[in-house]
Trainee: 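Below you will find the structure I want to go over with you.
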Amino acid sequence: MKRLLLLSTLPLLAVASILLGQAPAASTLRTPNGDKPLSVIHQGSQTYFAVDEVIAALGGTVRQESGGFKAALSGVEAAFGPDSRFAVVRDDLIEMPVPPLSAAGKPYATLQFFQGYLSRAAALDATWDAAGHILMIRPLQQTQVSVGTSLANVQGITKVVLTLSGPADYVIVKEPGAYTIRFKSPIRAPYADQAHDDPNVSKLSFSGNDLRIQLTSPDVIADAYKLDNPFRVVLDLRKGTASTTAPASQLPMPTKPVEAPGIRTIVIDPGHGGKDVGAIGPDGTTEKDLTLAVCRKLASALGARTGARIVLTREDDSVVSLDQRTAIANQYKADLFLSVHMNAAVVKGARGSETYFLSADASDEIAKKAAESENASVSAAASPSSDLKLILWDLAQQSYLQESSRFATDIQEEMNAVAGIQNRGVKQAPFKVLVGATMPAALVEVAFISNPEEEAKLKSDAFVTTVVDAITRAVVKYKTDYETRIGVIKPPPPAPAAPATTTTTAATRTGT
Amino acid sequence: MRRAAVVVLALVVLAAGCRKKSEQTGNLNVQNNVAPRAARLYFEGPSLLLMAEQRNVQAPQNPAGAMAVVVRELFKGPANPGFARAFPADTVVRGAFLLPDGTGFVDLGGATLTQGWATGSHEELMAVYSLVQTITANFPEAKRVRILVNGTPAETLAGHVALDRSLVPSAAFLDPRAR
């Protein structure tokens with residue numbers, strides 16, 4: 001009986017000990033509005049503060065939404081959940097060392113949440129006096145600038161972005177194997193050290209008002225520039241000493257473009273059509289109608305500006321399969337293929353244009369298929385299968401990736417120049433409509449039809465004309481550059497005062 | 001006597017068969033044993049790139065069984081209201097399996113994907129790569145992912161991303177902070 005009692009009590013004790021470990025302790029919240037008691041949970045090395053109590057003391061609210069919470073203060077919302085170390089404030093992320101907790105329906109978060117959120121919503125700072133058990137909320141020091149970092153590597157270039165809470169003066173110091181950004185005013189660092197598995201950057205370290213970017217090798221060089229709204233310092237780091245890309249002479253040139261006499265046929269592909277309506281805007285506008293409207297105008301403009309034969313994959317609201325679209329381009333022996341689309345995203349506020357060419361993961365698959373075909377070469381040679389044909393198509397496309405990248409870059413640069421369109425850059429993706437095209441091929445996403453502002457713009461003739469003009473300039477530029485490279489157009493004699501853009505414009509006029 | 005010998009032999013064979021079956025069943029029981037595991041799930045963040053949420057799920061210990069459970073957890077959507085669900089809300093997991101060559105297969109269904117998903121390339125890319133990233137991040141055995149719709153190879157989900165080949169994770173769609 002005694003044993004039975006002990007056994008039945010053990011689970012209760014275990015639960016009680018867990019609860020004791022998480023039980024909110026009495027602490028003080030000190031805000032400009034006065035002192036209040038505050039629930040605090042200590043778990044491991046972390047200290048969590050009751051979000052609803054802090055936000056309510058400052059005049060804000062916290063509510064439950066889906067599996068997480070939303071705080072609102074001074075018209076600024078913060079979304080956070082128990083499974084993620086990140087809180088979302090507007091389009092920005094606040095990084096915490098551990099995810100928030102939910103205890104008895106109340107959210108608890110670490111100090112970093114309050115520092116990140118309160119500085120953005122109400123220019124307030126949060127500090128924790130562990131000895132006195134006081135969470136202090138007070139106006140942010142005007143001179144202190146919060147710094148956030150992000151790092152991404154795209155095509156060998158590492159982009160380190162420092163997002164600042166306000167403007168700050170700084171100098172960049174080059175040291176052996178590192179760059180140091182030395183801020184001239186006090187900064188709040190998000191962390192001490194952060195290691196990175198990146199080809200160019202091994203570690204970011206904050207010390208005092210310095211951010212040290214530790215490089216993987218001494219031959220990594222950097223371009224730095226500033227951006228506003230929000231204030232950002234961007235460093236593009238890459239290996240090499242001179243240009244951003246490898247010299248053209250070192251790049252493998254695709255076989256067919258060298259042999260071709262120039263850009264004589266261009267296939268324009270209005271995305272979707274028929275029962276495939278594509279994306280639908282909040283006002284009911286369909287992607288298929290917009291792509292057709294843009295492409296009809298584009299075909300007319302390109303015909304006039306380039307003198308090339310322009311072919312549309314569809315001229316009305318008909319269904320054309322993705323394979324048929326590239327088959328049309330291949331049948332016409334097109335020298336250039338451009339698919340035109342309108343974008344959509346579930347995230348509110350998504351906007352801007354982006355241009356794609358075929359991705360490396362598609363190429364990986366091509367390599368795998370090629371290896372498989374070598375293993376099965378005897379049977380394949382005896383009877384060429386549809387798989388082998390597919391491999392040959394894919395290999396042909398792979399040889400055009402370099403040219404597709406140039407073409408996509410030209411398109412995106414011109415789209416960037418279109419007033420009011422946010423640049424989302426050149427990207428790579430395994431898009432079906434690009435897979436089978438045996439010529440330089442790109443897909444442009446003009447704007448987000450899911451965004452009410454951009455949907456309204458896309459319905460205006462003036463905006464469509466601006467977009468068509470931008471794409472036309474890009475195609476003319478690519479055509480001129482390409483034909484100059486292969487010797488169809490002679491480059492103009494070098495003039496000391498004439499920059500590259502002037503040369504392009506002059507050649508364009510000659511071409512038209 | 002001869003009849004008795006046949007019966008004894010039959011019983012011996014039957015007993016041997018039972019022992020073998022019992023061992024197999026034992027292994028299967030271990031494989032199907034449901035245990036808690038941490039799942040890293042990828043959703044669209046405010047940067048329009050994928051962010052991760054860490055969640056505990058009850059899943060079988062065999063990878064293929066666990067894969068379906070983890071993907072179903074992904075389709076429940078994010079806990080953080082600042083993140084967005086990448087797939088249509090009515091998407092279901094019909095099945096998942098893993099080939100010895102490291103290809104994870106996921107068979108999807110649901111009204112939207114069956115009738116044709118009317119959306120842009122960005123949303124489609126986020127959906128496809130949230131799935132690819134979730135599977136390859138949680139199952140090291142899965143090096144690549146092949147997506148089926150209603151049990152058959154699909155050309156695309158919404159007219160853009162080619163699904164006639166297996167896909168590998170792409171850092172281009174992942175927020176650097178989610179790594």
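All chains are named by letter (A, B, ...) in the order of the sequence lines, taking the proteins before the strands, and each is independently numbered beginning at 1.
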Trainee: Checking B:His160 against A:His272 for the side-chain contact (heavy atoms from CB on, under 4.5 Å) test, could you report, in this order, the C-alpha distance in whole Å, the side-chain angles of both residues, the deciding distance, and whether it holds?
Mentor: CA-CA 10 Å; B:His160 308 94; A:His272 308 278; 3.2 Å; yes

Trainee: A:Lys432 and side chain to side chain contact (heavy atoms under 4.5 Å, CB included): which single residue from B:Val161, B:Leu163, B:Asp164 fits?
Mentor: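 The passing option is B:Asp164.
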
Trainee: Nearest 0.5 Å, what's the CG-CG distance between B:Asn56 and A:Asp83?
Mentor: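 Going from the CG atom of B:Asn56 to the CG atom of A:Asp83 covers 8.5 Å.
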
Trainee: Taking A:Ile449, A:Val433, A:Asn343 one by one, which has the highest count of heavy-atom pairs under 4.5 Å against chain B?
Mentor: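 The residue among A:Ile449, A:Val433, A:Asn343 with the greatest pair count is A:Asn343.
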
Trainee: NZ/A:Lys275 to CD/B:Gln115 distance, rounded to the nearest 0.5 angstrom?
Mentor: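 That separation rounds to 12.0 Å.
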
Trainee: Looking at B:Arg55, B:Lys76, B:Glu123, which makes the most heavy-atom pairs under 4.5 Å with chain A?
Mentor: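 Maximum pair count with chain A is reached by B:Glu123.
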
Trainee: Can you tell me if A:His341 and B:His122 form a side-chain donor-acceptor pair at under 3.5 Å?
Mentor: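 No.
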
Trainee: Shorter than 4.5 Å, heavy atoms on both sides: which option in B:Ala52, B:Gly82, B:Ala158 has the most such pairs with chain A?
Mentor: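 Top option by heavy-atom pairs under 4.5 Å: B:Gly82.
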
Trainee: Taking the side chain as every heavy atom from C-beta outward, state whether B:Glu44 and A:Val346 have any pair of such atoms under 4.5 Å apart.
Mentor: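 Heavy-atom side-chain distance check passes, below 4.5 Å.
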
Trainee: For A:Asp276, is it the side chain, the backbone, both, or neither that has a heavy atom closer than 4.5 Å to a heavy atom of chain B?
Mentor: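 Contact with chain B involves no heavy atom of A:Asp276 at all.
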
Trainee: Does a sphere of radius 6.0 Å around CZ in B:Arg94 hold more than 12 heavy atoms from other residues, nucleotides or ligands, not counting ones at 6.0 Å or beyond?
Mentor: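 Yes, because the 6.0 Å sphere around CZ of B:Arg94 holds more than 12 heavy atoms from other groups.
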
Trainee: By a 4.5 Å heavy-atom criterion (distance strictly below it), what part of A:Tyr356 contacts chain B: side chain, backbone, both, or neither?
Mentor: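 Just the side chain, heavy atoms under 4.5 Å.
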
Trainee: Check whether B:Thr156 gets within reach of chain A through its side chain, its backbone, both or neither, counting any heavy atom under 4.5 Å.
Mentor: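 Interface part for B:Thr156: side chain.
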
Trainee: Looking only at heavy atoms, which two atoms of B:Gly45 and A:Val347 are closest? And how far apart?
Mentor: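 In terms of heavy atoms, the two residues are closest at O-CG2, 3.9 Å.
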
Trainee: What part of A:Val277 gets within 4.5 angstrom of chain B, counting heavy atoms only: side chain, backbone, both, or neither?
Mentor: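 Answer is side chain: those atoms of A:Val277 sit under 4.5 Å from chain B.
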
Trainee: Can you find a side-chain donor-acceptor pair between A:Ser84 and B:Gln54 that sits under 3.5 Å?
Mentor: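 No donor-acceptor contact under 3.5 Å links the two side chains.
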
Trainee: Do B:Asn80 side-chain atoms and A:Phe86 backbone N/O form a donor-acceptor pair below 3.5 Å?
Mentor: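 Side chain of B:Asn80 to backbone of A:Phe86: a pair is present.
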
Trainee: If you measure from CZ on B:Phe173 to OG on A:Ser359, what distance do you get to the nearest 0.5 Å?
Mentor: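 B:Phe173 CZ to A:Ser359 OG: 7.0 Å, rounded to 0.5 Å.
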
Trainee: Nearest 0.5 angstrom please: A:Leu443 CG to B:Ser121 OG, how far?
Mentor: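 Here the rounded value is 6.5 Å.
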
Trainee: Can you tell me which portion of A:Ala87 sits under 4.5 Å from chain B's heavy atoms? Options are side chain, backbone, both or neither.
Mentor: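 A:Ala87 touches chain B through backbone heavy atoms alone.
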
Trainee: Count the heavy-atom pairs under 4.5 Å between each of A:Gly81, A:Ala344, A:Gly68 and chain B, then report the option with the highest count.
Mentor: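 It is A:Ala344.
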
Trainee: Indicate yes or no: at least one non-hydrogen side-chain atom of B:Leu48 is less than 4.5 angstrom from one of A:Arg424.
Mentor: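 Side chain of B:Leu48 against side chain of A:Arg424, heavy atoms only: contact under 4.5 Å found.
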
Trainee: Specify which of A:Ser150, A:Pro82, A:Ser66, A:Ser321 makes the most heavy-atom pairs with chain B at under 4.5 Å.
Mentor: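 Looking at each option in turn, the highest pair count goes to A:Ser66.
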
Trainee: At a heavy-atom separation under 4.5 Å, does A:Glu287 approach chain B through its side chain, its backbone, both, or neither?
Mentor: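 A:Glu287 touches chain B through side-chain heavy atoms alone.
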
Trainee: Kindly compute the distance separating CZ (B:Arg177) from CG (A:Leu151), expressed to the nearest 0.5 Å.
Mentor: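 Spacing of CZ (B:Arg177) from CG (A:Leu151) equals 11.0 Å.
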
Trainee: Among the options B:Gly159, B:Pro81, B:Gly116, B:Ala162, pick out the one with the most heavy-atom pairs lying under 4.5 Å from chain A.
Mentor: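 Between B:Gly159, B:Pro81, B:Gly116, B:Ala162, the count favours B:Pro81.
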
Trainee: Between A:Pro430 and B:Leu167, is any pair of side-chain heavy atoms under 4.5 Å apart?
Mentor: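 Counting from C-beta outward, A:Pro430 and B:Leu167 do come under 4.5 Å.
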
Trainee: Between CG of B:Leu49 and CG of A:Leu93, what distance do you get to the nearest 0.5 Å?
Mentor: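 Reported to 0.5 Å precision, the distance equals 10.0 Å.
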
